[in-house]
Amino acid sequence: MTDTIAAISTTIGVGAISIIRVSGKDSIKIVNKIFEGKDLEKVDSHTIHYGNIKEKNEIIDEVLVTVMKSPKTFTTEDIVEINCHGGISTTNKVLEIVLNNGARLAEPGEFTKRAFLNGRIDLTQAESVMDLISSKSESKRKVAINGLNGYVGNIIRDLRQEILELLASIEVNIDYPEYDDAIVMTNDIIKPKIIEIKRKLSKIINESENGKILTTGIKTIIIGKPNVGKSSILNRLLDEEKAIVTDIEGTTRDTVEGSITINGVALNIIDTAGIRETEDVVEKLGVEKSLKLILEADLVILVLNNNEELSEEDEKILEACKEKKTIVVINKNDLERKINIEKIQYKNIIYTNTVDLGGIDSLKEKITELFNLNELEHEDYMYLSNVRQISLAKEANYILEEVEIGIENQVPVDMIEIDIKRAWEKLGEIIGETYDEELIDQLFSQFCLGK
């Protein structure tokens, strides 16, 4: 990271201003070469200066230049931000001149990556940067800002400190048994400490599993046989004619997607192709895709026809959804009831029709109840915010469970210590205290350019 990088940090397009960010040991020197105004190498840190960007004798743009000197910057390196007039041509031209004078075009997420590698932020804070940028709900924004402020990282850091103190006590016993004043760390002493650490970690995991939906939303699929009203339900939930609705079976042959917000949580809805036996190649692919989406969904809205008895296809779909959070919607309740409801072994059942919107509010209320959305809205928003973080926490928790079993089986303390250290290292991966370089590269490559 000895070179100097530059990129456009604002959205490309017509606007009042665009910002070009430059970071690295030569950033002030490079911008100073193309800036007509004060000598930027002599100004104070964290100051803004008016002038022009010039190429040879031509004025390219009238700008404000912000100079921020190491180490009190986002990347901990010298940073210069050029505030120029918004517009594709002007912005690209200023960036081109910066690159021609010694900077390198930054990779996606490279500014944030440098902030992490230089110790300015931990990995949970880095991931929260992108969560904040991409947040589409107030809940997601709150989770992201808590992560960015370091609260989430501190929770993990405190837990690691407890484990570290336990490890230190065990090490003293192993390496310096002659110390008479040291407490002998027997399995009986270690066990309650492990149980307490595991309790705290389990609480973090459980709250994060619930809180994860605040950042990622609820992946919801609407599934059922053809012509039971799936597309109509999608349209009513979204309050727009997103999906084509006809009386012809098999109208929906691929997924149709939309999103709504309930209690600050995004409901990402996918209307699937009707599930039935078919010889139509295109429809068959749609059916296979629908069945696969069941496995990936957080919520399944299974639609059945109130006016028909359960068919073999209905029973297969009911069986396929039994391990998922599922709401069974008995649609067309304005028609004569023929469905044999006693065969449906699900507790979350509502009745609706798409003629007068009957039951749509009940469906939203059931979703709120199923995911505790009312309670989530009043939580403190200090969650592990993504699958990577939660998975690592679960791995650490599993290791601690193995430690507890080992203690019960009277495994020697020095062997127990090895597993405790593994759990400590696994938690370190969450905040980036220990990390794999390939993982870091892959993670930051998902960031937007200029961040």
* Using the salt bridge (Lys or Arg N to Asp or Glu O under 4.0 Å) rule, take Arg199 and Glu196 through it: C-alpha gap first, then chi angles, then the decisive distance, then the call. => CA-CA 5 Å; Arg199 183 192 67 78; Glu196 177 60 16; 2.8 Å; yes

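- Nearest heavy atoms, Gly229 versus Asn331: CA-ND2, 3.5 Å.
- Here the CD1-CG distance, from Ile390 to Asn206, works out to 10.5 Å after rounding to the nearest 0.5 Å.
- Looking at Ile405 and Val411, their side chains never come closer than 4.5 Å, going by heavy atoms from C-beta outward.
- Rounding to the nearest 0.5 Å places CD of Glu165 at 4.5 Å from CD of Gln161.
- The side-chain contact (heavy atoms from CB on, under 4.5 Å) test with Ile431 singles out one residue from Val152, Asn154, Asp122, Ile121, and that residue is Asp122.
- Residues Ile269 and Ile222 approach most closely at CG2-CD1, 3.6 Å, considering heavy atoms.
- A heavy-atom distance below 4.5 Å is found between the side chains of Val22 and Thr4.
- Checked by atom type and distance alone, the side chain of Thr90 never pairs as donor or acceptor with a backbone atom of Gly87 at under 3.5 Å.
- Checking side-chain atoms of Ser70 against main-chain N and O of Thr76 turns up a donor-acceptor pair under 3.5 Å.
- Judged purely by atom type and a 3.5 angstrom limit, Lys324 uses its side chain to pair as donor or acceptor with the backbone of Ala297.
- Side-chain atoms of Thr10 come within 3.5 Å of backbone N or O of Ile19 as a donor-acceptor pair.
- Ion pairing between a basic and an acidic side chain is recognised when a charged N comes within 4.0 Å of a carboxylate O; Glu408 and Lys191 show such pairing.
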* Before giving the answer on side chain to side chain contact (heavy atoms under 4.5 Å, CB included), spell out for Ile60 and Ile34 the whole-Å C-alpha distance, their side-chain angles and the decisive distance to 0.1 Å. => CA-CA 10 Å; Ile60 303 301; Ile34 62 175; over 6 Å; no

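- In terms of modelled atom types and a separation under 3.5 Å, the side chain of Arg160 and the main chain of Trp424 share a donor-acceptor contact.
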* To do: Would you please test Ile155 and Leu384 for side chain to side chain contact (heavy atoms under 4.5 Å, CB included) and show each step?
  => CA-CA 10 Å; Ile155 291 171; Leu384 302 177; over 6 Å; no

* To do: Please lay out, stage by stage, how Lys421 and Glu417 fare under the test salt bridge (Lys or Arg N to Asp or Glu O under 4.0 Å).
  => CA-CA 6 Å; Lys421 189 171 183 180; Glu417 183 203 16; over 6 Å; no

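- Salt bridge Arg114/Asp3: present, at least one basic N to carboxylate O contact under 4.0 Å.
- The shortest non-hydrogen separation linking Val63 to Cys84 is CG1-CB, 3.7 Å.
- Heavy-atom minimum distance, Glu81 versus Arg21: OE2-NE, 3.2 Å.
- Of all heavy-atom pairs between Cys321 and Leu302, the closest is SG-CD1, 3.9 Å.
- Contact annotation: the side chain of Val129 approaches that of Leu148 to within less than 4.5 Å [non-hydrogen atoms, C-beta and beyond].
- In this structure, Ile5 and Thr75 have side chains that are not in contact, with every pair of non-hydrogen atoms separated by 4.5 Å or more.
- The backbone N or O of Leu267 sits nowhere less than 3.5 Å from a side-chain atom of Thr220 that would complete a donor-acceptor pair.
- In this structure, Phe74 and Met68 have side chains that are not in contact, with every pair of non-hydrogen atoms separated by 4.5 Å or more.
- Interatomic distance, Leu95 CG to Ile20 CD1, rounded to the nearest 0.5 Å: 5.5 Å.
- Under the 4.5 Å side-chain criterion, counting only non-hydrogen atoms from C-beta, Thr326 is not in contact with Asn348.
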* Test salt bridge (Lys or Arg N to Asp or Glu O under 4.0 Å) applied to Lys93 and Glu55, step by step -> CA-CA 10 Å; Lys93 183 62 179 177; Glu55 185 178 42; 3.2 Å; yes

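- Scanning both residues, Ile416 and Ile407, for their nearest heavy atoms gives CD1-N, 3.7 Å.
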* **side chain to side chain contact (heavy atoms under 4.5 Å, CB included) evaluation trace for Arg120 with Thr73** => CA-CA 9 Å; Arg120 169 69 173 74; Thr73 68; over 6 Å; no

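- Looking at Ile156 and Gln389, their side chains never come closer than 4.5 Å, going by heavy atoms from C-beta outward.
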* To do: Step by step, work out the salt bridge (Lys or Arg N to Asp or Glu O under 4.0 Å) result for Glu369 and Lys366.
  => CA-CA 5 Å; Glu369 175 191 324; Lys366 183 61 71 174; 3.8 Å; yes

For residues 392-399, run the donor-acceptor check on the side chains, cut-off 3.5 Å, and write out each pair with its distance to 0.1 Å, sequence neighbours left out.
{"residue": "Lys394", "atom": "NZ", "partner": "Glu209", "partner atom": "OE2", "Å": "2.4"}
{"residue": "Glu395", "atom": "OE1", "partner": "Lys426", "partner atom": "NZ", "Å": "3.1"}
{"residue": "Asn397", "atom": "ND2", "partner": "Ser202", "partner atom": "OG", "Å": "3.3"}

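- Look at Glu107 and Lys113 and you find no salt bridge, because none of the NZ, NE, NH1 or NH2 atoms lies under 4.0 Å from a carboxylate O.
- Summarising the geometry, atom CD belonging to Gln345 is positioned 11.0 Å from atom CD belonging to Glu319; distances are rounded to the nearest 0.5 Å.
- Within the structure, salt bridge (charged side-chain N to carboxylate O under 4.0 Å, His left out) pairs that include any residue of residues 396-405 comprise Lys198-Glu404, Glu402-Arg422 (at least two apart or interchain).
- In this structure, CG in Asp158 is found 8.5 Å from NZ in Lys200, a value given to the nearest 0.5 Å.
- Counting non-hydrogen atoms of other residues, nucleotides and ligands closer than 6.0 Å to NZ of Lys69 gives a total above 12.
- Once rounded to the nearest 0.5 Å, the distance linking CG of Asn32 with CG of Asp39 reads 4.5 Å.
- Put simply, the side chain of His49 never gets that close to the backbone of Val43: no donor and acceptor are under 3.5 Å apart.
- Residues Ile270 and Lys219 are in side-chain contact: their nearest non-hydrogen atoms beyond the backbone lie under 4.5 Å apart.
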* Going through the distances and angles, do Lys38 and Tyr50 end up as a side chain to side chain contact (heavy atoms under 4.5 Å, CB included)? -> CA-CA 8 Å; Lys38 285 187 177 180; Tyr50 167 79; over 6 Å; no

